[in-house]
Amino acid sequence: GKGSAIFMLIFDFDGVVMNSIDEITVTANNAITGNLAISLESFSQSVVRIFQRNRFHVQAIGDTFSLMQWCVENGESDPDRILSKEDYEMILQYETEPLLERMNRFFAARNAFVKKDEMGWFSLNAPYRPLWQELQTLSIEQIILLTKKNREAVLRLCHHFGRMLDEK
């Protein structure tokens, strides 16, 4: 009606709507090592710490490989180190595999993880409250998810945590 406004709030899925740092850590480690770990306890806690402290640098999910590889090689000596923007960009300069191929490899590692232990995968993700609770009150038509996270993972997580979505 007259005077009413329509507005849209946009939140990033990973890191804002869903806390996925633990899952991304395990998946990135699996992708670069070829292992199929299903928990953070499956590998070095120093690597976990330094990766998670520096995850904020990563924009495209395919770049997690460069960061994780650096963390595996350097994490034991200084797990509290936070890379400067310049140091992180230097790490990326050594990457030779195209970004799209790295993204596909990340999603393949995630899919292998889900196939091996779906409940374990769910346990490494958690919605942020109260934002998630607010999303629960909205109708399906009022929610649009726009994310670079792969569609299947988003749908599985939302459904698991009680938010059914229109798959379109």
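In this chain, numbering begins with 1 at the start of the sequence shown.
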Taking the side chain as every heavy atom from C-beta outward, state whether [X] and [Y] have any atom pair closer than 4.5 Å.
{"X": "V114", "Y": "E152", "result": "no"}
{"X": "N125", "Y": "R156", "result": "no"}
{"X": "V48", "Y": "E41", "result": "no"}
{"X": "N111", "Y": "N150", "result": "yes"}
{"X": "Q52", "Y": "L40", "result": "yes"}
{"X": "E76", "Y": "I50", "result": "no"}
{"X": "M68", "Y": "T25", "result": "yes"}

If every non-hydrogen atom of A31 is compared with every non-hydrogen atom of F65, which pair is closest and at what distance?
CB-CE2, 3.0 Å

Which heavy-atom pair separates S46 from P79 by the least distance, and what is that distance?
O-CB, 3.7 Å

Partners meeting ring pair (Phe, Tyr, Trp, His ring centres under 6.0 Å) with H160 (sequence neighbours left out)
F122

Show the numbers, then the answer: is there a side chain to side chain donor-acceptor pair (under 3.5 Å) between Q69 and E73?
CA-CA 6 Å; Q69 187 64 51; E73 293 169 1; 3.0 Å; yes

Using 0.5 Å steps for rounding, measure from the [atom1] atom of [X] to the [atom2] atom of [Y].
{"X": "N29", "Y": "C71", "atom1": "CG", "atom2": "SG", "result": "9.5 Å"}
{"X": "D87", "Y": "L92", "atom1": "CG", "atom2": "CG", "result": "11.5 Å"}
{"X": "E89", "Y": "E86", "atom1": "CD", "atom2": "CD", "result": "6.5 Å"}

I need the full list of ring pair (Phe, Tyr, Trp, His ring centres under 6.0 Å) pairs touching residues 29-56, with sequence neighbours left out, sorted by first then second residue.
none

Please list all pairs meeting ring pair (Phe, Tyr, Trp, His ring centres under 6.0 Å) that have one or both residues in residues 78-98, counting only residues at least two apart or in different chains.
H57-Y88

Could R105 and E101 be called an ion pair, given the rule that one side-chain N must be under 4.0 Å from one carboxylate O?
no

Take R110 and N30 through the side chain to side chain contact (heavy atoms under 4.5 Å, CB included) test and state the conclusion after the steps.
CA-CA 9 Å; R110 174 180 282 152; N30 287 347; over 6 Å; no

Give a yes or no answer on whether the side chain of [X] reaches the backbone of [Y] with a donor-acceptor pair at less than 3.5 Å.
{"X": "N54", "Y": "L83", "value": "yes"}
{"X": "T27", "Y": "I24", "value": "no"}
{"X": "K116", "Y": "I38", "value": "no"}

Report the residues that fulfil salt bridge (Lys or Arg N to Asp or Glu O under 4.0 Å) with D22, sequence neighbours left out, ordered by chain and then residue number.
none

Does R129 form a side chain to side chain contact (heavy atoms under 4.5 Å, CB included) with W132? I'd like the steps, not just the answer.
CA-CA 5 Å; R129 312 229 188 262; W132 189 257; 3.0 Å; yes

With sequence neighbours excluded, tell me which residues meet side chain to side chain donor-acceptor pair (under 3.5 Å) with W121.
E23

Write out all pairs satisfying salt bridge (Lys or Arg N to Asp or Glu O under 4.0 Å) with one or both partners inside residues 44-63, taking only residues at least two apart or from two chains.
R49-D80, D63-R102

Side chain to side chain contact (heavy atoms under 4.5 Å, CB included) for R81 and N74? Distances and angles first, verdict last.
CA-CA 10 Å; R81 181 174 176 194; N74 298 281; 5.7 Å; no

Audit row: L99, M103, side chain to side chain contact (heavy atoms under 4.5 Å, CB included) steps and yes/no
CA-CA 6 Å; L99 180 60; M103 288 173 58; 4.0 Å; yes

